[in-house]
Q: 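What follows is a single structure, and I will ask about it in a moment.
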Number of protein chains: 8
Amino acid sequence: MPLVGVIMGSDSDLAIMKETISQLKAFGITYEVKILSAHRVPDETARYAREAGKKGLKIIIAGAGAAAHLAGVVASHTILPVIGVPLEGSPLKGIDSLCSTVQMPAGVPVATMGIGKSGAKNAAILACEILALKDKKMEKKLISLKKEMVIKIKKKNKNLHI
Amino acid sequence: MPLVGVIMGSDSDLAIMKETISQLKAFGITYEVKILSAHRVPDETARYAREAGKKGLKIIIAGAGAAAHLAGVVASHTILPVIGVPLEGSPLKGIDSLCSTVQMPAGVPVATMGIGKSGAKNAAILACEILALKDKKMEKKLISLKKEMVIKIKKKNKNLHI
Amino acid sequence: MPLVGVIMGSDSDLAIMKETISQLKAFGITYEVKILSAHRVPDETARYAREAGKKGLKIIIAGAGAAAHLAGVVASHTILPVIGVPLEGSPLKGIDSLCSTVQMPAGVPVATMGIGKSGAKNAAILACEILALKDKKMEKKLISLKKEMVIKIKKKNKNLHI
Amino acid sequence: MPLVGVIMGSDSDLAIMKETISQLKAFGITYEVKILSAHRVPDETARYAREAGKKGLKIIIAGAGAAAHLAGVVASHTILPVIGVPLEGSPLKGIDSLCSTVQMPAGVPVATMGIGKSGAKNAAILACEILALKDKKMEKKLISLKKEMVIKIKKKNKNLHI
Amino acid sequence: MPLVGVIMGSDSDLAIMKETISQLKAFGITYEVKILSAHRVPDETARYAREAGKKGLKIIIAGAGAAAHLAGVVASHTILPVIGVPLEGSPLKGIDSLCSTVQMPAGVPVATMGIGKSGAKNAAILACEILALKDKKMEKKLISLKKEMVIKIKKKNKNLHI
Amino acid sequence: MPLVGVIMGSDSDLAIMKETISQLKAFGITYEVKILSAHRVPDETARYAREAGKKGLKIIIAGAGAAAHLAGVVASHTILPVIGVPLEGSPLKGIDSLCSTVQMPAGVPVATMGIGKSGAKNAAILACEILALKDKKMEKKLISLKKEMVIKIKKKNKNLHI
Amino acid sequence: MPLVGVIMGSDSDLAIMKETISQLKAFGITYEVKILSAHRVPDETARYAREAGKKGLKIIIAGAGAAAHLAGVVASHTILPVIGVPLEGSPLKGIDSLCSTVQMPAGVPVATMGIGKSGAKNAAILACEILALKDKKMEKKLISLKKEMVIKIKKKNKNLHI
Amino acid sequence: MPLVGVIMGSDSDLAIMKETISQLKAFGITYEVKILSAHRVPDETARYAREAGKKGLKIIIAGAGAAAHLAGVVASHTILPVIGVPLEGSPLKGIDSLCSTVQMPAGVPVATMGIGKSGAKNAAILACEILALKDKKMEKKLISLKKEMVIKIKKKNKNLHI
């Protein structure tokens with residue numbers, strides 16, 4: 001049974017959202033991926049959100065662009081933590097999706113990540129941080145990630161020839 | 001049976017949305033008013049949108065602030081024209097609600113008005129323009145409105161003492 | 001006799017506005033296309049707007065970029081519903097055309113769509129929604145469109161191999 | 001016969017546009033003031049613009065807020081220099097009126113001033129600079145204005161006790 | 001032992017951050033409150049973040065304005081979930097704090113809430129959602145919160161006299 | 001003796017500012033072109049501005065990007081009309097140069113054009129409008145330009161096959 | 001002989017710029033204050049900048065609003081470090097002055113501070129940091145300032161009763 | 001012993017930050033380059049900042065993109081002047097890094113440069129201006145730089161054939 005649901009408005013969003021997926025894989029977190037749209041398949045989206053908890057999902061990650069309602073709409077139907085990834089899918093370059101995702105009314109939070117690739121990767125890391133609260137294995141993976149970041153930068157500094 | 005449904009995210013939005021209501025009244029267009037929220041009462045909102053057409057509503061006007069998903073979510077559940085009024089309900093002064101309302105994905109349009117009072121009034125006028133396509137009485141009201149605007153400005157010019 | 005007038009500031013705008021045109025075609029809605037500019041041919045534009053209703057047009061769709069006055073100027077001369085499509089024709093990437101199109105003063109609404117391609121397609125769908133209020137055939141087309149969107153996303157989900 | 005036409009969208013704009021008027025007065029430039037609106041009285045506005053040159057006007061100054069089409073629409077009907085003053089008449093605080101005024105398409109310029117009071121005053125000064133090209137009296141007034149600014153700042157420096 | 005650490009850059013931020021605190025109280029979630037600043041007390045802030053997990057904290061909520069580095073800096077020192085609340089503490093009205101909080105580089109997520117009061121309240125609700133993954137009592141509180149929102153809006157609709 | 005001085009911050013700006021130059025040529029307006037920079041050659045720039053009037057120049061057109069001070073600095077040293085063209089020379093895509101050019105303090109106006117190519121061309125047309133106030137030949141050129149715009153759009157409409 | 005020149009566009013800017021002055025006083029750094037304007041007194045401003053170094057000034061702090069050219073213009077005439085403080089003197093709330101101050105072309109840097117009060121105070125601290133490179137007394141003052149910030153926050157934490 | 005520390009969030013930032021490095025080289029200012037990240041290696045970054053002064057560094061130049069905390073975090077740990085260069089490392093094109101770098105709270109200044117290449121070069125020039133306060137050789141280099149800029153522009157004017 002997957003722990004994390006990764007949903008997105010269109011299959012074209014996969015180009016960015018695969019950052020989420022590959023990071024979840026790297027952590028060994030089970031997941032499922034669905035194309036869902038607050039606007040094009042509202043009933044399927046609501047149903048997915050309503051049933052997510054019962055199915056055993058712990059966290060939902062939603063990536064969407066433009067008037068990005070997906071994360072907010074999902075959050076309205078569940079008490080699971082919902083992580084929103086604003087995507088650059090319009091001429092406004094993600095300002096619109098950032099505003100639509102983060103500026104939620106009191107009562108219905110969306111844990112918003114940065115626009116695009118970095119945000120997509122961070123969604124998986126935040127999911128891991130949440131799961132790590134009760135899962136020592138996940139805790140270790142996060143500690144390793146932090147250490148790897150230190151090692152990587154050390155290596156980069158060594159290879160720096162200026 | 002009302003022709004126009006006027007919905008908004010909170011009763012505090014009435015301060016602005018009464019511009020819509022009083023203009024509908026002035027045109028003699030029947031309407032109903034509901035507090036509905038895409039995030040706080042998603043099922044009621046979806047049901048309202050799905051049943052709107054069968055109940056006889058012709059147009060839905062939705063006012064909302066911040067991550068203003070109301071108009072878009074309603075539009076996802078109906079084939080009635082949905083008019084969105086972005087409200088200034090957050091520190092971002094309506095840029096967030098404008099983006100959230102207007103930047104809809106292909107397939108699900110929202111007829112977006114300007115932010116705040118002017119937009120709220122214009123929502124009623126656009127509703128009237130739509131109804132006027134098949135209602136001569138409404139057509140006359142709109143022609144009168146245009147004439148009154150001319151007369152008002154003429155009067156203002158007469159009273160201008162500089 | 002066409003029901004919808006599709007106008008735009010320049011023939012270079014056709015690259016985007018053909019989204020409107022092909023969607024109108026798909027719906028079987030008759031239309032005419034004109035290059036008109038609030039700034040370069042103001043008299044022709046005003047005349048077009050004033051005569052639109054008498055000629056039998058029901059809706060005008062106007063696409064324009066930068067200081068996009070076209071939709072607003074047309075709306076000032078007609079009581080037909082005017083749908084505005086802001087285009088990305090300047091370094092400001094459509095923020096300027098969005099503001100110029102949507103922020104209309106009380107009295108003269110423009111039903112504003114999203115910037116660019118999605119907005120152009122949605123203009124045709126909104127036009128169809130308006131016509132569907134009195135045309136069962138159009139109603140069916142819209143219901144089909146909604147269903148197709150559901151089917152497409154289902155198919156995409158089936159083809160998703162991650 | 002007035003040399004400068006000062007027009008604005010509403011009498012409420014006078015609060016700011018009187019900066020233009022009092023500066024024109026200070027220069028001894030004849031002027032007339034009119035309430036005109038690109039959207040509410042489009043025919044009067046077009047007529048005013050078309051006849052401005054024949055009547056003897058040399059320059060038109062147009063102040064407007066929100067989707068500020070006034071200056072641009074006037075410029076489309078005249079070959080007189082048109083000076084635009086964007087006003088803060090909406091929640092967007094003048095970004096909308098600045099964009100709508102300045103981002104004109106090639107072929108139809110609007111000499112755009114800053115948003116609000118400073119811009120309104122500067123419109124009169126630019127008008128004076130244009131008239132001074134053929135009017136020595138105006139040239140002297142501008143030289144005096146420059147000198148006064150120097151004197152004022154000297155005085156302020158003297159009175160500075162810190 | 002508190003489960004949630006609520007930190008903020010200055011005691012003046014309490015005016016907003018008490019929304020977080022009173023919501024945590026309402027849920028019966030234990031918490032501690034600290035004034036900490038990424039810029040003014042960087043060592044204390046780093047120490048707090050590093051020791052948070054060992055002390056038994058499960059989640060850190062950080063509110064800050066302007067160049068709001070607090071949440072990001074804390075996130076760099078812990079693998080606990082960090083929730084960021086951008087505050088309106090500068091002339092830019094929260095755009096600066098939103099950007100500084102949400103646009104984190106890949107590797108170090110901050111779960112960003114909306115600007116100001118709504119965001120502050122939502123931070124507590126997100127914290128509750130995270131804790132509810134392993135705490136049935138919290139789950140019930142969230143279900144109640146959702147129900148109350150429905151009831152409140154129903155009541156508001158009843159009291160609506162227009 | 002040239003009537004119009006066209007100045008710009010760098011020779012790389014010529015790519016855009018040649019729109020000004022070729023339009024001036026088309027009108028038969030004499031001009032000179034100089035690379036000048038408010039920041040890199042402030043004394044030459046000030047001297048140029050101070051001597052412009054005496055040399056017989058009637059109008060100065062200044063194109064600059066980023067913190068575009070050129071037009072404002074020139075305007076501080078002359079009573080000639082100064083036309084500013086904001087260029088897209090930085091990651092902010094011209095918002096910075098627009099703000100730096102248009103938001104002048106009361107006392108020192110800059111007639112600001114749109115960002116980039118359209119603005120550069122319009123600068124020449126505004127110059128022509130100013131000169132036409134006392135030059136019938138220029139008046140005719142402007143009337144021709146207006147007519148050509150009408151003819152061009154008519155032709156485009158004829159060639160439109162959709 | 002003063003070490004720091006504090007200049008600003010208008011005496012009304014003193015309301016904010018006194019933050020700079022009182023911080024300089026607190027550090028015991030000698031200073032002078034002048035009203036200077038890149039646009040209203042360009043020659044005095046240029047002269048001030050050119051002579052600043054010879055007079056013994058080490059640093060110039062310039063506060064200005066709107067199209068804030070003051071710091072940049074001063075920097076063009078001196079090789080002293082110039083610190084710019086963008087002020088909120090227009091409807092755009094300091095975005096315009098920030099862009100005009102910070103986006104300097106390569107060759108002429110302005111050390112830009114935050115908008116308004118915080119920036120004004122920080123300008124004095126940056127000046128102190130620069131002087132401290134060769135002045136042990138200043139170094140001590142800065143170390144004290146850092147310590148005081150720690151003590152203040154500790155005190156605030158003690159007085160926190162929630 | 002190097003005088004200037006040039007740090008940046010990632011080796012990919014070198015593409016821009018080499019502008020800083022080559023300008024420092026041209027001035028003959030000694031420097032060191034390090035990859036450091038406020039988020040990925042917070043302890044190394046803090047240590048670097050704390051020890052910078054003791055090691056003999058006089059100035060730190062920090063380049064970072066997105067939620068660019070690097071300069072601010074370094075400034076929190078040192079009393080050396082810190083120069084921040086906002087980089088275009090995200091879909092928001094540097095607005096986010098500009099806000100995160102410049103909007104520092106009172107007490108901890110960052111001398112912020114323009115976004116990208118120009119800012120990177122200017123960081124080195126500002127560093128030189130600071131060092132020149134006590135180093136006549138640096139003073140001469142800056143005077144030469146100013147002269148070269150004048151000569152370059154003169155040459156460009158000579159080669160201008162239009």
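In what follows, chains are A, B, ... by sequence order, proteins preceding strands, each numbered from 1.
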Q: Quick check: closest heavy atoms across D:Ser100 and C:Ala67, and the distance to 0.1 Å?
A: O-CB, 3.4 Å

Q: Return the option, out of C:Thr101, C:Ile95, C:Leu92, with the maximum number of heavy-atom pairs under 4.5 Å with chain D.
A: C:Leu92

Q: Just wondering, more than 12 heavy atoms not from C:Lys55 lying within 6.0 Å of its NZ?
A: yes

Q: Which one of C:Cys99, C:Pro105, C:Ala66, C:Pro42 has the most heavy-atom pairs closer than 4.5 Å to chain D?
A: C:Pro42

Q: Has D:Lys18 got more than 12 heavy atoms of other residues, nucleotides or ligands less than 6.0 Å from its NZ?
A: no

Q: Is the shortest side-chain heavy-atom distance between D:Val108 and C:His69 below 4.5 Å?
A: no

Q: Side chain, backbone, both or neither: which part of D:Ala38 has a non-hydrogen atom closer than 4.5 Å to chain C?
A: backbone

Q: Which atoms of D:Ala68 are under 4.5 Å from chain C, going by heavy atoms: the side chain, the backbone, both sets, or neither?
A: backbone

Q: Answer with side chain, backbone, both or neither: which region of C:Ala75 has an atom nearer than 4.5 Å to a non-hydrogen atom of chain D?
A: neither

Q: For each of C:Asp43, C:Val102, C:Val110, C:Leu98, tally heavy-atom pairs with chain D at distances under 4.5 Å, and name the one with the top tally.
A: C:Asp43

Q: Tell me, out of C:Gly72, C:Gly107, C:Ser97, C:Ala46, who's got the most heavy-atom pairs with chain D below 4.5 Å.
A: C:Gly72

Q: Identify the heavy atoms of C:Ala106 and D:Arg40 that sit nearest to each other, and give their distance.
A: O-NH1, 3.5 Å

Q: Taking atom NZ as the centre, does D:Lys152 end up with more than 12 heavy-atom neighbours from other residues, nucleotides or ligands that are less than 6.0 angstrom away?
A: no

Q: Can you confirm whether more than 12 heavy atoms, excluding those of D:Lys117, are under 6.0 Å from its NZ atom?
A: no

